[in-house]
2 protein chains.
Amino acid sequence: MRAFEVVLAWVESRILGGELTVGDQLPAERELARQLDVSRAAVREAVRTLQAQGVLRSSVGAGGAGGTTVTSVPARALVRLLRLHVALANFPVDDVIEARIALERLSIRLACTHARASDLAAMRQAIAVMAQPGVDKARFNDADTALHVAIAEAAGNRLAADLTIAIRESMKVPLLVAFSYVADWDQLVARLSADHAELYAAIDEGDADRAETLVETHIRSAWARLQAALPAGGRHTGS
Amino acid sequence: MRAFEVVLAWVESRILGGELTVGDQLPAERELARQLDVSRAAVREAVRTLQAQGVLRSSVGAGGAGGTTVTSVPARALVRLLRLHVALANFPVDDVIEARIALERLSIRLACTHARASDLAAMRQAIAVMAQPGVDKARFNDADTALHVAIAEAAGNRLAADLTIAIRESMKVPLLVAFSYVADWDQLVARLSADHAELYAAIDEGDADRAETLVETHIRSAWARLQAALPAGGRHTGS
DNA sequence: CCGGCCGTTTGGTCAGACCATTTGCGTCGC
DNA sequence: GCGACGCAAATGGTCTGACCAAACGGCCGG
């Protein structure tokens, strides 16, 4: 077993065994290296691995604030992971769309019963940005992401929310590329904004069945329109 | 920007820009360090980060086989990530179950139309193992995982499959723990095996609607039985 | 022409050093 | 007595230089 894997196994087994939980501190790098009889470089490589998974967080300095602690921030890690694999075309965009629909149906269903006032406000905010006349494509893209993130956050299901966020974020660049090929941008904005208004109404009324249907139709039809606008040849960001 | 982040940004931007795709080789560590004017240690930390995301693969030795190449093996990376966060109780098991149902409904629906003979064989194999009288709990757990993985693989949707695999794998240990509390193990095996037979029949016949309903009922009722068997207090592996 | 040997390349690891940041305590000045 | 200042220690971040093991590829001898 390679040296950094020894460290990895040490930390992972303690996390899986419950001996290390969120907030706990790891021994200092030098100390851990001494304990496991590996070099400090090996410890650092293992720590980087776990940081990439959103499991550890390091900060410099002495005392309680300094050191490496266990956290649990999977959203960022998932976004980075998915974004890269989507770019590598391992996950064809069509497949991503299908998975996204499955997750967002769940998210929006839960959001219908769990949404709080602040969640609804975030949705309205995003919808308002997208409804501005002559809205910029990049701004629209960001706001649409924000809307779907807000819905996912409102669901109260962390895994579904984080996966939804990761998927939507990973599609941001490919979608922006697709936007650039759209001929009648204002018409697309109008159609999508109408969808968003309906979506919001369904959530606000707590009509889970209608919301589920709407979000599937919304995602599917939006993607169909974008696909129709795309040039024939596949791109590295597409499929 | 920290040194290893410089390397990270260099690699990521090239992947997102399509200049690096699966199969391509990175410059050698020493070379890349020289190019980016950082130490080799910084390069290695960045490489470890990307390896944790299933984006890079390193092997020693000269010539074509050696060096660091771009790959795309997200399944393992997702499994490790989810397993840790489930253990950290950031993802409550009940939330995981809901997300799993959403994804497996999609997977099994696709499997009904895409399953090949080899996929069906893998399912039968797993089901046969679980149907053995007096089957071991660990073996049953592995075979059940194999069954759901086989269904996911049969779907032909890589993202849905990888997410399904990651979720089922991340639940392996918590499920095994839950198994240990089950009073009438043989009865549970009988019930679950009956479910599996029905599931297989639906896939074999290509009845997507029935399969979707069955898999949801299967996962939900199995989890309900296990929850009923669990001791009252939450564990670090459950919630 | 073939097979084994050896140098080169590459990732894996280690040791030791220095830096920047942060904390916490002790000292100095008022 | 008390507060502000400052220094020592701890910690992650980085770099240098070295050596090891594996694997390829060409050279050389049979």
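In what follows, chains are A, B, ... by sequence order, proteins preceding strands, each numbered from 1. Worth knowing before you read on, the calculation uses all heavy atoms, side chains too, and leaves out hydrogens, waters and symmetry mates.
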Ignoring hydrogens and angles, answer whether the base of D:dG12 and the side-chain atoms of A:Arg40 contain a donor-acceptor pair closer than 3.5 Å. yes
Look at the side chain of B:Arg30 against the base of C:dG11 and say whether a donor-acceptor pair falls under 3.5 Å; ignore hydrogens and angles. yes
Rounded to the Å, how far apart are [X] [atom1] and [N] [atom2]?
X	N	atom1	atom2	value
A:Glu29	D:dG13	CD	P	6 Å
A:Arg57	D:dG13	CZ	C1'	15 Å
B:Leu32	D:dC15	CG	P	12 Å
A:Arg34	D:dA10	CZ	C1'	15 Å
B:Met1	D:dT14	CE	P	11 Å
A:Leu8	C:dG12	CG	C1'	15 Å
A:Phe4	C:dG11	CZ	P	14 Å
B:Gln25	D:dA23	CD	C1'	13 Å

Out of C:dG12, C:dT9, C:dT10, which has the shortest distance to the side chain of B:Ala28? C:dT10
Nearest-nucleotide comparison on DNA chain C, the residue closer to the 5′ end among B:Arg48 and A:Val60: B:Arg48
Of A:Gly64 and B:Gly63, the one whose closest nucleotide on DNA chain C sits nearer the 5' end is B:Gly63
With a 4.0 Å cut-off on heavy atoms, is B:Val47 in touch with a base, just the backbone sugar-phosphate, or nothing at all? nothing
Mind checking A:Gly66 for me? I need base, sugar-phosphate or nothing, with any heavy atom below 4.0 Å counting as a touch. nothing
Worked verdict on A:Asn157 versus A:His114 for side-chain hydrogen bond (donor to acceptor under 3.5 Å, both in side chains): CA-CA 10 Å; A:Asn157 181 320; A:His114 291 79; over 6 Å; no
Has B:Ser170 got a side-chain atom pairing as donor or acceptor with B:Ile167's backbone, closer than 3.5 angstrom? yes
Hey, is the main chain of A:Leu159 close enough, under 3.5 Å, to the side chain of A:Asp162 for a donor-acceptor pair? no
Please determine whether a side-chain nitrogen or oxygen atom of A:Thr68 lies at a distance below 4.0 Å from atom OP1 or OP2 of D:dG12. yes
Between A:Arg80 and B:Glu12, is there a salt bridge with N-O shorter than 4.0 Å? yes
Partner residues of A:Arg57 under the salt bridge (Lys or Arg N to Asp or Glu O under 4.0 Å) criterion, sequence neighbours left out: none
